[in-house]
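Counting starts at 1 for both ligands and their atoms, in listed order. One-based numbering along the sequence shown.
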Amino acid sequence: MDFETRAIHEGQEPDPTTGALTTPIYLTSTYVQDAVGEHKGYDYSRVANPTRTALQQCLASLESAEHGVAFASGLGAVTTIMHLLNPGDRMVLIADVYGGVYRMTTQVYEPKGYVFDYLPAAEFDELGSHLDERTRIVWIETPSNPMLNIVDIEKAAEAAHAAGAILVVDNTFATPYLQRPLELGADIVVHSTTKYLGGHSDVVGGFAATNDPTIAERLLFLQKSLGAVPGPLDCWLVLRGIKTLAVRMRQHCHNAHAISGFLERHPRVEQVLYPGLPRHPGHAIAAKQMRDFGGMISFLAESEEEAAAFVASTKIFKLAESLGGVESLIELPARMTHASTAEGPFAAPRNLIRLSVGLESAEDLLVDLEAAFAKVAAGTHSVRTV
Ligand SMILES: *Cc1c(COP(=O)(O)O)cnc(C)c1O
């Protein structure tokens, strides 16, 4: 069945006891057993819950995966995957990795003896020469957050495998509608379902999927043993979001195309980072491995002051962290989502603005941005600080 059909039906048969069309929110911590150990697959909700099972099956199917594991947050998924490593093991990450992952590697795991190296996206062509026998995991985001860098997933998987490592792809920006890393050779795909998958800025969640039975078994073991599990209501919200993922992503992409073109032509913009633009260095690879280019756009203002003034001047684009919801958001990564990278060698540029383009009318969004540029130019922007 096609993606859109599976998004609505996979793992979501009508409820066997009542016929309820929509998957119930199974608000229960425990399950009655007929005799010791005799139950219907559920004994305790940290281990398994039917609403969570539905989400795991549906999302695994969308990622072309056999196995899916849901978590309480994107970082809950990441930290669980980190437990595939042992102290002394090495991991190579894309340099502009999500700020929260960078904070985790530098401030939580590095002090415990894990080894992390950060490779700029442009150097992934020579990924193989940066791997050694201690390297267990290669970790990429593509498109990356917030620089919208692109990495060739197929090539990264080949290089990782040749060195005896596995490839993990954070697919939060693209979603499985636009890109399916496991089909391109990745071993694990990871998500913050807080973003496009939930899609309505009303839930925090995470997810990982794989086709490797050994990794799947270990992740399921770690899910129950470490306990970073999502509650049934959270699972239900993500399941509901996924049903409209395809139509939402089409509109996110449509709006982002219009806005990226507008920004590229604007005299107050230094540079636009959007893989859909032909001059983006990752455009050809993105066109090869993605169905479309997504709803995230970053751009460089002329100065840090101008960037701060701009994000305080839009009306429809709300100044907020996070992304992937129906509403358009604007932020300064260097001082907000990626503040934890500020002291490191891969800090986000201070004049960088990141847009999460929502589902409002593209025309209204363009008018909003144009008005903000005019306010900044006239010096009449509010002095709201971030
Ligand atoms: C938000 C995000 C995360 C972390 O997810 P949470 O749900 O906030 O814990 C990880 N990776 C990327 C790319 C993200 O945007």
Side-chain angles (χ1 to χ4, degrees), residues 55 59 63 69-82 91 93-109 116 118 121 137-151 153 167-176 178-179 181 186 188-209 223 226-231 233-235 237-238 241-242 249 252 273 275 290 294-298 320-325 329-334 336-341 346 348 352 354-358:
L55 172 63
L59 206 37
E63 280 289 6
V69 194
F71 295 96
S73 67
L75 288 186
V78 175
T79 196
T80 303
I81 295 168
M82 288 287 176
M91 179 162 157
L93 301 96
I94 188 167
D96 60 318
V97 70
Y98 174 69
V101 173
Y102 185 76
R103 182 176 56 213
M104 184 193 293
T105 54
T106 52
Q107 296 184 50
V108 180
Y109 287 102
F116 300 99
Y118 306 89
I137 295 179
V138 175
W139 187 286
I140 61 172
E141 284 174 28
T142 180
S144 67
N145 181 7
M147 299 302 286
L148 282 304
N149 282 313
I150 301 293
V151 173
I153 297 174
L167 177 70
V168 180
V169 179
D170 184 333
N171 203 29
T172 298
F173 268 33
T175 82
L178 298 180
Q179 169 175 283
I188 301 176
V189 60
V190 60
H191 280 283
S192 168
T193 58
T194 312
K195 315 294 170 54
Y196 287 106
L197 296 173
H200 296 75
S201 311
D202 53 11
V203 62
V204 170
F207 182 74
Q223 181 194 37
L226 298 173
V229 293
L233 175 60
D234 290 355
C235 292
L237 285 166
V238 178
I242 291 169
M249 290 317 292
H252 281 299
L273 310 177
M290 299 176 75
M296 297 301 297
I297 303 174
S298 291
E321 305 210 357
S322 200
L323 60 108
L329 302 180
I330 189 166
E331 66 124 0
L332 287 186
M336 296 171 69
T337 50
H338 290 67
S340 60
T341 66
F346 309 111
L352 185 77
R354 191 188 76 178
L355 301 177
S356 173
V357 179

Review point. How close do S322 and R354 get, heavy atom to heavy atom, and via which atoms?
Key: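 Shortest heavy-atom contact: O-NH2, 3.2 Å.
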Review point. How far apart are the closest heavy atoms of D96 and M147, and which atoms are they?
Key: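 Shortest heavy-atom separation between D96 and M147 comes out as OD2-CB, 3.1 Å.
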Check your understanding: Can you say whether the rings of H191 and F207 are parallel (under 30°), tilted (30 to 60°) or perpendicular (over 60°)?
Key ->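 Correct class here is tilted.
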Exercise for review: Could you tell me how the ring of Y118 sits relative to the ring of F346: parallel (under 30°), tilted (30 to 60°) or perpendicular (over 60°)?
Suggested key: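 Rings of Y118 and F346: tilted, 30 to 60°.
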Point to revise | Stepwise side chain to side chain donor-acceptor pair (under 3.5 Å) test for Y109 and T79 | key: CA-CA 9 Å; Y109 287 102; T79 196; 2.5 Å; yes
Anything under 3.5 Å between an N or O on ligand 1 and a protein N or O? List each pair with its distance, or write none.
residue, atom, partner, partner atom, Å
ligand 1, 5 (O), S192, OG, 3.0
ligand 1, 7 (O), G74, N, 2.9
ligand 1, 7 (O), S192, OG, 2.8
ligand 1, 7 (O), T194, OG1, 2.7
ligand 1, 9 (O), G74, N, 3.0
ligand 1, 9 (O), L75, N, 2.9
ligand 1, 11 (N), D170, OD2, 2.7
ligand 1, 15 (O), N145, ND2, 3.4
ligand 1, 15 (O), K195, NZ, 2.7

Check your understanding: What residues form a side-chain hydrogen bond (donor to acceptor under 3.5 Å, both in side chains) with D170, not counting sequence neighbours?
Key ->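 D170 satisfies side-chain hydrogen bond (donor to acceptor under 3.5 Å, both in side chains) with T172 only.
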